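Both counts, for ligands and for their atoms, begin at 1 and track the order of listing. As a basis for the values below, the full set of heavy atoms in this structure was taken, side chains included, without hydrogen atoms, waters or symmetry mates. Here the structure is a predicted model, which means the values were calculated and not measured.
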Amino acid sequence: MNVLVLNAGSSSLKYQLFNMQTGEVSAKGVCDRVGTTEALHVYEAGEVEQEEQLSLLNHLEAIKAAVAALTHPHHGVIQDLSEINAIGHRVVHGGDYFVESVVIDDEVIARIEECVGLAPLHNPAGLAGIRACVELMEGTPQVAVFDTSFHQTMPAKAYRYPLPTKYFEDLKIRRYGFHGTSHRYVAQRAAEFLGKPVEDLRLITCHLGNGCSIAAINKGKSVDTSMGFTPLDGLMMGTRTGSIDPAILLYLEDYQGMSAEDINKLLNKESGLLGVSELSNDLRDVGTAAKDGNEKAQLAIDMYAYYAKRFIGSYTFAMGAVDAIVFTAGVGENAVDMRQMMLEGLEEQGIIIDAELNAKRGGDRSISADESAVKVLVIPTNEELMIAQDVKSLVGS
Ligand code: ADP
């Protein structure tokens, strides 16, 4: 079975073709600057790696470019589209409609459309990808996998905000949470790694990339997560503030005359590591500057670690205890010093990192000391594989 996994962003399209017999990726690619006449398509299959600049005015054209590469007589990996047995789409927002991945039909498309207001940059791209596939590969089963659905198991006390109830009932303002596919994947892998059923574990999973979120996963179900109504909430991130006192926004509006658009840009694009360090949103650059004695960079790093430590602490209490803490994504998988800082001084809580193990690179691994009651794991995320597996389990037979 061949499954095409598509991740359509506002101006990009990423794709991977999985052979589900082997679980391997046969080919993959990225189209950037979709919507322009100067898009870039990078395609990889085995030894082949090629780049082309071309006009891709919309997602349909990007998917056509992907399909042309996949079926190319020389570097393609399939003869024609009939060899794609099913398609999996990453969709950012499923609102409170979708608690798991679903086979796409007209009703599902209508629901995803209803959620556009909740994810105005992302859901239209996902819909464009779905519609393009309907046009190009009519009859091929399609599955939607939502970033939000894994967190639909949160109890109301975790997902409600203390606003008047009508804001929840009429406007659906609540915590949704994101990165759900990644949290679900690493939780599953963590259970496999520990050789225990996920139902026997209390996990805290830390997805730390450009966007960052932490989830509390009790018995395999998300019971709380740091991103909220939008992906701006929670942890300090590359360019996003994470949680701040909401009255700061009123102050900026009333006393500094900033518009909603200015404030949106400030909170999403100009803050976080970049804003505090005044250098970069990339933890590597900020880390290097801090080591060279740059005080703003050092503070940015200290705050970034402290925000995460706070969430790890509060989720431990929320679940009563924690069996394993899992790090994933760009920072979580690679930033040795940052992992150490986030869990520093927690020996009394039974959380002890082994410095030597922490410094090692590799795939799924444990970095906690033998005497650490809480396991600390690093598990590289693989959202595309999780999507492909969902597709297989929904339409594989
Ligand atoms: P995205 O959220 O865009 O998918 P990634 O998961 O790729 O992002 O994470 C990107 C971040 O990972 C970068 O901002 C960078 O700071 C961080 N990162 C990657 N490699 C390292 C490393 N070796 N040390 C520290 N940080 C790293």
Side-chain angles (χ1 to χ4, degrees), residues 5-16 28 30-33 42 90 92 119 121-122 125 145 147 177-186 189 205-215 225-227 230-242 268-292 294 296-298 300-305 307-308 326-343 353 355 358-365 367 378-387:
V5 173
L6 295 178
N7 180 352
S10 50
S11 64
S12 68
L13 175 82
K14 294 188 197 139
Y15 62 92
Q16 293 193 5
K28 63 180 179 178
V30 185
C31 299
D32 275 318
R33 297 197 293 266
V42 180
R90 175 194 179 211
V92 167
L121 292 179
H122 292 99
V145 179
D147 279 18
F178 299 87
H179 291 144
T181 310
S182 176
H183 289 292
R184 180 159 61 100
Y185 176 79
V186 299
R189 295 289 306 145
T205 51
C206 309
H207 178 110
L208 310 171
N210 275 313
C212 302
S213 68
I214 296 191
T225 191
S226 60
M227 282 180 170
T230 74
L232 179 59
D233 201 4
L235 300 165
M236 170 170 168
M237 312 185 204
T239 59
R240 291 175 235 168
T241 53
N268 276 296
K269 304 265 184 226
E270 300 171 350
S271 297
L273 284 173
L274 172 68
V276 178
S277 72
E278 297 183 327
L279 276 177
S280 169
N281 64 316
D282 192 307
L283 185 67
R284 285 165 291 198
D285 300 336
V286 183
T288 306
K291 285 203 171 105
D292 290 343
N294 182 313
K296 287 177 184 163
Q298 186 60 54
I301 298 234
D302 291 344
M303 288 170 63
Y304 186 91
Y307 259 72
V326 187
F327 287 102
T328 195
V331 172
E333 291 165 29
N334 298 298
V336 174
D337 296 348
M338 185 48 76
R339 290 194 296 255
Q340 177 66 44
M341 284 176 81
M342 286 176 175
L343 299 181
I353 285 193
N358 189 28
K360 281 194 184 149
R361 309 227 156 250
D364 300 354
R365 56 199 187 273
I367 59 166
V378 177
I379 297 194
T381 194
N382 194 339
E383 289 158 280
E384 291 77 15
L385 177 60
M386 186 87 261
I387 293 173

Let me see the working for Leu279 and Leu274 under side-chain contact (heavy atoms from CB on, under 4.5 Å), right down to the final yes or no.
CA-CA 6 Å; Leu279 276 177; Leu274 172 68; over 6 Å; no

Numbered in order shown, the ligand 1 atoms found under 4.0 Å of a heavy atom of Gly211 are 2 (O)

| message | What I want to check is whether the side chains of Gln298 and Asp302 have a donor and an acceptor closer together than 3.5 Å. | response | yes

_Under 3.5 Å between any N/O of Leu283 and any N/O of ligand 1: does that happen in this structure?_
yes

Using distance alone, determine whether Arg361 and ligand 1 share an N or O pair under 3.5 Å. no

- Between Thr381 and His183, is any side-chain donor less than 3.5 angstrom from a side-chain acceptor? no

When you measure from the side chain of Arg90 to the backbone of Thr181, do you find a donor-acceptor pair of N or O atoms at a distance under 3.5 Å? no

heavy-atom search around atom 18 (N) of ligand 1 in the protein gives Gly330 O, 3.6 Å

Note: Asp32-Lys14 ion pair, threshold 4.0 Å (strictly below):
no

- Item | atom 4 (O) of ligand 1 protein-contacted (non-hydrogen atom, under 4.0 angstrom) | no

Original post:
Are Thr328 and His207 close enough that a side-chain donor and a side-chain acceptor fall under 3.5 Å?
Top reply: no

Only one of Arg184, Met386, Glu383 passes side chain to side chain contact (heavy atoms under 4.5 Å, CB included) with Val145, and that residue is Arg184

Of all protein heavy atoms, the one nearest atom 17 (C) of ligand 1 is Val331 CG2, 3.5 Å

In this structure, atom 24 (N) of ligand 1 is nearest to the protein heavy atom Arg284 CG, 3.5 Å

| task | Ignoring hydrogens and angles, tell me if any N or O in the side chain of Thr205 forms a donor-acceptor pair with the backbone of Val326 under 3.5 Å. | result | no

For atom 14 (O) of ligand 1, the closest protein heavy atom turns out to be Asn210 OD1, 3.2 Å

the protein heavy atom lying closest to atom 15 (C) of ligand 1 turns out to be Asp282 OD1, 3.4 Å

heavy-atom search around atom 22 (C) of ligand 1 in the protein gives Asn334 CB, 3.4 Å

- Under 3.5 Å, N or O to N or O, is Leu208 touching ligand 1 that way? no

